[in-house]
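Accompanying notes for the structure given below.
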Amino acid sequence: MVFQAVGKLLGYRKHKSIKKDSPAKKTSGESEKLYLEPRYTAARIVDADILMLVALPKGLNVDEWLASNASAFYNHVSLLYGSISEFCTITSCPSMKAWATQIQWTDEKGRKRKCTAPQYADYAASIIQKLLTDENLVPTKHSKEFPKTFKPAIQKTFRLLFHLLGHIYTCHFKTVVNLELHPHLNTLYLHLLLFCAEFHLLDSKEMALSEDLTTALIQSSPSPKTSGAQSRNT
């Protein structure tokens, strides 16, 4: 099933809920789209088969796989955001721009409000840490089962991480390039998107926001090493 993830990513625009005739207003940072230039989209930290990293290991509980990956992705996104955080201030980023839209923060009661990008990053980190360290939500003892509220919480975690990556690409990509971290950013983004596609963690409307980048990165990726995938699952 994991090899269907690429098809899902390239085909999500055909989903009924996505309307072509009502695009979101583009931001100034988005209009440049430096991150789509071939010299940058081809950059990766390793020549690895990301699909292999996405696949659920044989015999492992899917919820355990989602939980462990959510924690790992959170740590990696935090490190990347931390590398550009001194350039992401309430002055430089008075709103949370990601891709072609401005994102509002939604609190636990469902109320939306505008906030700066640094505030959004802080709110996201606080919520994600709270979710991933909740023993009732993410049990660490084998005798406990994952509750029904686990999947929605994981989906929320990945949605917040996706927004943070979107902000980095949209507003801080030049800084990322200057720090020579764009291979890390591309690898992390593509890994996260493929993981979300495989386990249905992001809504198609969210994924459509960055379809141009996703397509560019997939097309510039090396062909999947199918023989390696087969050997891992045997």
To the nearest 0.5 Å, how far apart are [atom1] in [X] and [atom2] in [Y]?
X: Tyr189; Y: Leu165; atom1: OH; atom2: CG; value: 8.5 Å
X: Lys151; Y: Leu66; atom1: NZ; atom2: CG; value: 6.5 Å
X: Tyr123; Y: Met96; atom1: OH; atom2: CE; value: 12.5 Å
X: Leu194; Y: Ile218; atom1: CG; atom2: CD1; value: 5.5 Å
X: Ile103; Y: Arg159; atom1: CD1; atom2: CZ; value: 10.0 Å
X: Tyr81; Y: His167; atom1: OH; atom2: NE2; value: 5.5 Å

Under a 4.5 Å cut-off applied to non-hydrogen side-chain atoms, are [X] and [Y] in contact?
X: Leu185; Y: Ile168; value: yes
X: Leu132; Y: Ile154; value: yes
X: Leu213; Y: Trp99; value: yes
X: Leu181; Y: Ser83; value: yes
X: Val54; Y: His191; value: yes
X: Thr140; Y: Glu64; value: no
X: Val177; Y: Arg39; value: no
X: Thr41; Y: Gln219; value: no

- Distance flag, aromatic centroids of Phe199 and Phe158, threshold under 6.0 Å: no
Ignoring hydrogens and angles, tell me if any N or O in the side chain of [X] forms a donor-acceptor pair with the backbone of [Y] under 3.5 Å.
X: Thr157; Y: Ala153; result: yes
X: Thr187; Y: Ile45; result: yes
X: Thr89; Y: Ser92; result: yes

- Quick one: do Ile128 and Phe73 satisfy side-chain contact (heavy atoms from CB on, under 4.5 Å)? Show the steps, please. CA-CA 11 Å; Ile128 293 173; Phe73 277 119; over 6 Å; no
- Message: Between Asp212 and Lys33 (salt bridge meaning N to carboxylate O under 4.0 Å), is one present in this structure?
- Response: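 Salt bridge: yes.
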- Task: Identify whether the distance between the nearest side-chain nitrogen and carboxylate oxygen of Glu108 and Lys156 falls below 4.0 Å.
- Result: no
- Task: Output all residues satisfying ring-ring contact (aromatic ring centres under 6.0 Å, His included) with His184, sequence neighbours left out; order by chain, then residue number.
- Result: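 Once residues adjacent in sequence are excluded, His184 has no partner under the ring-ring contact (aromatic ring centres under 6.0 Å, His included) criterion.
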Tell me whether the count of non-hydrogen atoms from other residues, nucleotides or ligands lying under 6.0 Å of [atom1] in [X] goes above 12.
X: Ile90; atom1: CD1; result: no
X: Lys130; atom1: NZ; result: no
X: Glu135; atom1: CD; result: yes

Among side-chain atoms of [X] and [Y], is any donor-acceptor pair under 3.5 angstrom?
X: Ser95; Y: Tyr120; answer: no
X: Thr170; Y: Tyr35; answer: no
X: Glu206; Y: His163; answer: yes
X: Arg44; Y: Ser220; answer: yes

- Given the rule in the side-chain contact (heavy atoms from CB on, under 4.5 Å) test, do Leu192 and Leu161 qualify, once you have shown the distances and angles that lead to the verdict? CA-CA 9 Å; Leu192 185 142; Leu161 294 177; 4.0 Å; yes
Shortest non-hydrogen contact from [X] to [Y]?
X: Ile84; Y: His172; value: CD1-CD2, 3.8 Å
X: Thr116; Y: Cys93; value: CB-O, 3.5 Å
X: Pro118; Y: Cys88; value: CG-O, 3.2 Å
X: Asn186; Y: Leu217; value: CG-CD2, 3.8 Å
X: His182; Y: Val176; value: N-CG1, 3.4 Å

- Kindly state each residue pair satisfying side chain to side chain donor-acceptor pair (under 3.5 Å) with at least one member in residues 68-79, sequence neighbours excluded.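 Listed once each, the pairs are Tyr74-Gln129.
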- Take Phe162 and Leu193 through the side-chain contact (heavy atoms from CB on, under 4.5 Å) test and state the conclusion after the steps. CA-CA 8 Å; Phe162 175 69; Leu193 262 287; 3.8 Å; yes
- Would you say Val62 and Phe146 are hydrophobically clustered, going by side-chain heavy atoms of ILVMFWY under 4.5 Å?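 Yes, Val62 connects to Phe146 through the hydrophobic network.
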- Item | Hydrophobic cluster membership, Leu34 vs Leu36, 4.5 Å side-chain cutoff | yes
- For Leu131 and Val138, run side-chain contact (heavy atoms from CB on, under 4.5 Å): C-alpha distance rounded to whole Å, both residues' side-chain angles, the deciding distance at 0.1 Å, then the answer. CA-CA 8 Å; Leu131 292 175; Val138 187; over 6 Å; no
- On the 0 to 90° scale, with breaks at 30° and 60°, tag the Phe195-Trp65 ring pair as parallel, tilted or perpendicular.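 Tilted.
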